[in-house]
Amino acid sequence: MKENRIYWLDNLKWFLILLVVLGHAIQHTYADFGQNSLFRAIYSFHMPAFMAVSGYLAWKPKTVCVSATDYLKKLFRRVRQLVIPYMIWSLAATFVLAGGLGVADVVSLVVYPERNLWFLWVLFMIFVCFETVRLLASRCPRYGDAIVVASVVVVYGAVSLCHTHKFGLDSMRYYYIFYCLGFFAHHYKQVFSLPKPVIAALFLLWCVGAHYWQLGGQPAWAQGFGLLGAATVYSLFKLIVAVSAILVLLGLFSRFANRRYASTPLGQVTLGVYAIHQTVIGVVCNGIRGMMPWGQVAVNFVVGLLVSLLVIWVLRRCRATRHILLGETSA
């Protein structure tokens, strides 16, 4: 059967998962990893970019009136692709790294997903929200885009009013923006096909922004705006930095990486790499504490990546494991 894939998206996904592994290699090496310049640069955009890629793939050429049956089929399909791997791999990681499992560990997967493989859980929640909005919008296609845009405001506002960090809601309200950005980037490809000078300017904007980006809380430079002002200004700042990087990546990869390289198929196994590599790094890092920091980062990165790919290769030999553990839909 002929493949119908967008090669540059596979290449982009592979590039992004390499950054994910590198970021975690740094995190497991440095106690003050939040002050590491490379770590901050990576974290300023890599997961928002992954969400944008997911949103990009959510757009379809023809918009039809979706039935409730089709909606439920897509929902259950995502449960198998995202929720089940999230549960299994998170519990496996907890068992390996903590030496056991308890009821509290199972409950925390839903209540505090950020402690585990949060991206899979948050992506599922975003998918449910977005597809529900699309189901409603399909009844009045003339205003479909406006309804999607309005949903961004509603989701962000509603979750903000909840004042909770449980169930992944806080992450959902932030990453839903990038999911919708990816959707519109595909829907209006001509608009998002930015000229090279604009891409260069956005890259410079990201470079400057990444220098002032900080993980968690508000940096000192934002404190002059007051408590509420600092939070609002810094949230907007992070949004601008991430969007700038995403637009640069979409522009560069769609132009210069839209062909099949030897590494392109690896873009199809990013879920597995994401699910496995942190456990591998968590085990490896305990045995290399005596090395120089740069050496630890290199070993964590290489071993974490290669072992993950080896496990994936083994799991893909069996139809059941590739479907259940890797979320793949076809052989």
Side-chain angles (χ1 to χ4, degrees), residues 9 12-13 15-17 19-20 23-24 40-59 75 78-79 81-83 85-86 90 109-134 148-187 192 206 209-210 213-217 231-232 234-250 270-271 273-275 278 327:
L9 279 181
L12 176 55
K13 287 166 63 180
F15 170 73
L16 291 174
I17 200 63
L19 294 182
V20 170
H24 287 141
R40 297 206 315 270
I42 291 172
Y43 270 68
S44 69
F45 74 91
H46 72 326
M47 300 315 286
F50 253 127
M51 281 297 179
V53 169
S54 298
Y56 194 96
L57 293 171
W59 184 83
L75 179 62
R78 290 301 185 189
V79 168
Q81 290 179 319
L82 298 172
V83 177
Y86 164 73
S90 295
L109 294 183
V110 177
V111 181
Y112 302 106
E114 283 84 356
R115 298 177 181 176
N116 303 283
L117 303 175
W118 66 268
F119 180 84
L120 301 180
W121 177 263
V122 172
L123 178 57
F124 173 73
M125 292 179 64
I126 288 175
F127 171 83
V128 173
C129 178
F130 184 81
E131 290 302 321
T132 301
V133 171
R134 292 279 286 163
V148 172
V149 172
S151 72
V152 174
V153 179
V154 171
V155 168
Y156 195 92
V159 174
S160 297
L161 292 175
C162 292
H163 298 292
T164 180
H165 294 283
K166 295 180 179 179
F167 309 110
L169 289 174
D170 197 47
S171 295
M172 176 194 168
R173 68 166 183 167
Y174 178 65
Y175 287 102
Y176 185 71
I177 299 172
F178 302 107
Y179 190 94
C180 291
L181 172 65
F183 172 82
F184 284 117
H186 196 173
H187 191 2
F192 282 84
W206 169 77
W213 192 93
Q214 179 176 301
L215 180 66
T232 302
Y234 189 59
S235 294
L236 182 60
F237 168 80
K238 290 198 300 182
L239 180 64
I240 293 173
V241 172
V243 169
S244 299
I246 290 169
L247 294 179
V248 169
L249 290 172
L250 294 180
T270 53
L271 185 150
V273 175
Y274 173 73
Q278 280 203 79

List the residues meeting side-chain hydrogen bond (donor to acceptor under 3.5 Å, both in side chains) with [X], not counting sequence neighbours, and say none if there are none.
X: Gln81; value: Arg78
X: Thr270; value: none
X: Tyr175; value: none
X: Asn116; value: none

Are side-chain heavy atoms of [X] and [Y] found at a separation under 4.5 Å?
X: Leu249; Y: Phe15; result: yes
X: Trp206; Y: Leu247; result: no
X: Leu123; Y: Met51; result: yes
X: Val79; Y: Phe127; result: no
X: Val20; Y: Phe119; result: no
X: Tyr179; Y: Cys129; result: no

At what distance, to the nearest 0.5 angstrom, does [atom1] of [X] lie from [atom2] of [Y]?
X: Leu109; Y: Leu117; atom1: CG; atom2: CG; answer: 9.0 Å
X: Leu120; Y: Ser90; atom1: CG; atom2: OG; answer: 7.5 Å
X: Leu250; Y: Phe192; atom1: CG; atom2: CZ; answer: 8.5 Å

Excluding sequence neighbours, so at least two apart, what forms side chain to side chain contact (heavy atoms under 4.5 Å, CB included) with [X]?
X: Val128; answer: Tyr71, Leu75, Phe124, Thr132
X: Val148; answer: Phe130, Val133, Arg134, Ser151, Cys180, Phe184
X: Met125; answer: Trp121, Leu169, Met172
X: Ile42; answer: Leu19, Leu22, Leu38, His46

Closest heavy-atom pair and its distance - [X], [Y]:
X: Val122; Y: Ser171; result: CG2-CB, 3.8 Å
X: Ser44; Y: Val241; result: CB-CG1, 4.0 Å
X: Pro113; Y: Gly168; result: CG-N, 3.4 Å
X: Ile177; Y: Leu239; result: CG2-CD1, 3.9 Å
X: Pro85; Y: Leu271; result: CB-CD2, 4.2 Å

Sequence neighbours excluded, every pair satisfying salt bridge (charged side-chain N to carboxylate O under 4.0 Å, His left out) that has a member inside residues 170-184: Asp170-Arg173

Pairs satisfying salt bridge (charged side-chain N to carboxylate O under 4.0 Å, His left out), at least one member in residues 46-58, at least two apart: none

Donor-acceptor contact present, side-chain Tyr234 to main-chain Gln214, <3.5 Å: yes

Full working for side-chain contact (heavy atoms from CB on, under 4.5 Å) between Phe45 and Leu16: CA-CA 9 Å; Phe45 74 91; Leu16 291 174; 4.1 Å; yes

Parallel, tilted or perpendicular: ring planes of Tyr56 versus His186, cut at 30 and 60 degrees: parallel

Ring pair (Phe, Tyr, Trp, His ring centres under 6.0 Å) partners for Phe167, two or more places apart: none

